[in-house]
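A quick write-up on the structure given underneath.
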There are 2 protein chains.
Amino acid sequence: MPTPERTSLAEIVLAGQELLEDGGPSGLTMQSVAERVGVRAPSLYKRVRDREALVSAVAAATLDDLTARLEASDGSLEGLARAYRAFAHDRPEGFRLVFTSAPPREALDRSSAAILRSVRPFVDEEHALEAARLVTAWATGFLQMELAGAFRLGGDLDDAFAFGLATLRRGLERH
Amino acid sequence: MPTPERTSLAEIVLAGQELLEDGGPSGLTMQSVAERVGVRAPSLYKRVRDREALVSAVAAATLDDLTARLEASDGSLEGLARAYRAFAHDRPEGFRLVFTSAPPREALDRSSAAILRSVRPFVDEEHALEAARLVTAWATGFLQMELAGAFRLGGDLDDAFAFGLATLRRGLERH
DNA sequence: ACCTGAACACCGTTCAAGT
DNA sequence: ACCTGAACACCGTTCAAGT
């Protein structure tokens, strides 16, 4: 006699994203997720292999959210960078998680495409991938350090971000 | 009647660094550290407040190790970048930890000084801090993504690293 | 002064039993 | 087919008792 489904993978992953943002990685427990979706912890194992798989699914979903924001930007390098930084400020825990896990290939591809498009005006096709990697690495590193509070020598961070972006653009243009 | 000390904070932190590198963050448990230094887990609480404090101490010690390597490089921007990348490849788990925790102020200052020195030839004093932040953010982001396996669109990573460095230098020189 | 065993709370995970 | 309570292993942490 089948029991009706009381939750779903999508609901579980969403609960995971919320709990992560509220309480950091250690707040994302199987028990807290189960409670939030209205089920007991052992039931989660019907939908996810283990906690690690759940965390990976949360990371992948968060990367998809980030990609949607990038795609909704105006497509310019500056617009993309602004959208990227706004997302990191909105969802610091999710942002951190995305870049400490190895997201699935296709989630990565979609976000890469948006970044590649934004650097095309500055470099020839042959160097587009390297240029995209440069911009992504800089923005990601900057935001991770900003979120971790690693910039402690004073100075305005908005200015530092703008300086970095302008310098990158200059270096790419002169290629 | 005093009991002789059977371990020390330094020994505990070193054991933590080794266990982290061997088994990742989840391999760094109070029990495994205690076993390695030849003591029972409760004894660790004589030297560290709790696990979180131990992890912070491990991060600080690892940042000191990284700084020593930077200071041992030839001081050029390229030499510094090479030393930075070599450290990340040697000690991936430690490298990751350093940039996901908030290291103590003075540990940060020493590594900042080495980076500031390496960018001085390219920018005027007014922009030295922003230039150092640009270089650090790029290198850190690149290495974190490389370690996380986030570069999956092919292409040579050595080339991408060299391209990034050359582009940064070009952008800074034209400032 | 430092070290330990015992104990507690909490977490991830498995599984037999329920519907 | 899905859900649950019970159970187990493991971890962080406290504390009274030992030397």
Side-chain angles (χ1 to χ4, degrees), chain A residues 1-62 93-94 96-97 100-103, chain B residues 1-62 93-94 96-97 100-103:
Chain A
M1 195 64 79
T3 301
E5 308 191 349
R6 260 165 242 182
T7 183
S8 66
L9 179 58
E11 197 189 10
I12 288 168
V13 170
L14 185 62
Q17 288 184 284
E18 294 167 352
L19 286 162
L20 175 70
E21 223 46 71
D22 284 357
S26 70
L28 173 46
T29 69
M30 298 301 276
Q31 324 231 14
S32 63
V33 170
E35 186 177 11
R36 183 167 285 230
V37 303
V39 101
R40 300 291 180 164
S43 299
L44 298 179
Y45 292 83
K46 283 280 153 184
R47 330 249 178 211
V48 297
R49 192 165 30 83
D50 53 20
R51 181 176 182 275
E52 196 181 318
L54 172 55
V55 172
S56 293
V58 167
T62 305
E93 294 293 344
R96 252 192 285 263
L97 176 62
T100 51
S101 69
Chain B
M1 196 66 80
T3 301
E5 307 190 348
R6 260 166 242 182
T7 184
S8 66
L9 180 58
E11 197 189 11
I12 288 169
V13 171
L14 185 62
Q17 289 184 282
E18 293 167 352
L19 286 162
L20 175 69
E21 223 48 70
D22 285 357
S26 69
L28 173 46
T29 69
M30 298 301 276
Q31 323 233 14
S32 63
V33 170
E35 187 178 9
R36 183 167 285 230
V37 303
V39 101
R40 300 289 181 164
S43 299
L44 297 178
Y45 292 83
K46 283 281 152 181
R47 329 251 178 208
V48 297
R49 192 165 31 81
D50 53 19
R51 182 177 182 275
E52 195 181 319
L54 172 55
V55 171
S56 293
V58 167
T62 305
E93 293 294 344
R96 251 192 285 262
L97 176 63
T100 50
S101 69

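Everything quoted here is computed from the prediction, not taken from an experiment. Chain letters run A, B, ... following the sequence lines, proteins first and then strands; every chain starts at 1. When reading the values below, keep in mind they use all heavy atoms of this one structure, side chains included, and skip hydrogens, waters and symmetry mates.
Spacing between atom CG of B:Leu54 and atom P of D:dG12 amounts to 10 Å, rounded to whole angstrom units. The CE atom of A:Met30 sits 7 Å away from the P atom of C:dG12 (whole-angstrom rounding). Atom CZ in A:Arg51 sits about 13 Å away from atom C1' in C:dC10, given to the nearest Å. When the C1' atom of C:dC10 is taken as reference, atom CG of A:Leu28 falls 15 Å away, rounded to whole Å. The interatomic distance linking A:Tyr45 (OH) with D:dC2 (P) rounds to 18 Å, in whole Å. Whole-Å rounding puts the B:Leu19 CG to D:dC11 P distance at 12 Å. In this entry the distance linking CG of B:Leu44 with C1' of C:dG5 reads 15 Å, nearest Å.
Listed pair A:Arg6 / D:dA1 fails the phosphate criterion, with no side-chain N or O lying under 4.0 Å from OP1 or OP2. Phosphate contact (OP1/OP2 of D:dG5, side-chain N/O of A:Arg40, threshold under 4.0 Å): present. For B:Ser43, a side-chain nitrogen or oxygen approaches OP1 or OP2 of C:dT4 to under 4.0 Å.
Among the nucleotides C:dC2, D:dG5, C:dT13, the one closest to the side chain of A:Pro42 is D:dG5. Comparing C:dC3, C:dG12, D:dT13 by their nearest atom to the side chain of A:Gln31 picks out C:dG12. Side chain of B:Ala41, nearest nucleotide from C:dC3, C:dG12, D:dT13: D:dT13. With C:dC2, D:dG12, C:dT13 as the choices, the nucleotide that has an atom nearest any side-chain atom of B:Thr29 turns out to be D:dG12. Of the candidate nucleotides C:dG12, D:dC2, D:dT4, D:dC2 has the atom nearest to the side chain of A:Lys46.
Residue A:Arg47 is in sugar-phosphate contact alone, with no base atom involved, counting any heavy-atom pair closer than 4.0 Å across all strands shown.
From B:Ser56, atom OG reaches atom CZ of B:Arg51 across 10.5 Å, with rounding to the nearest 0.5 Å. In this structure, the separation between CD on B:Glu5 and CD on B:Glu11 is 11.0 Å, given to the nearest 0.5 Å. Distance CD/A:Gln17 to CG/A:Leu97: 9.5 Å, rounded to 0.5 Å.
None of B:Thr29, B:Val33, B:Val58 except one satisfies the side chain to side chain contact (heavy atoms under 4.5 Å, CB included) rule with B:Leu19; the exception is B:Val33.
Judged by Watson-Crick or G-U wobble contacts below 3.5 Å, the nucleotide D:dC10 has no partner. Checking D:dG5 for Watson-Crick or G-U wobble geometry (two distances, each under 3.5 Å) identifies C:dC15 as its partner.
Nearest approach of A:Asp22 to A:Arg36, heavy atoms of both residues: OD2-NH2, 4.0 Å.
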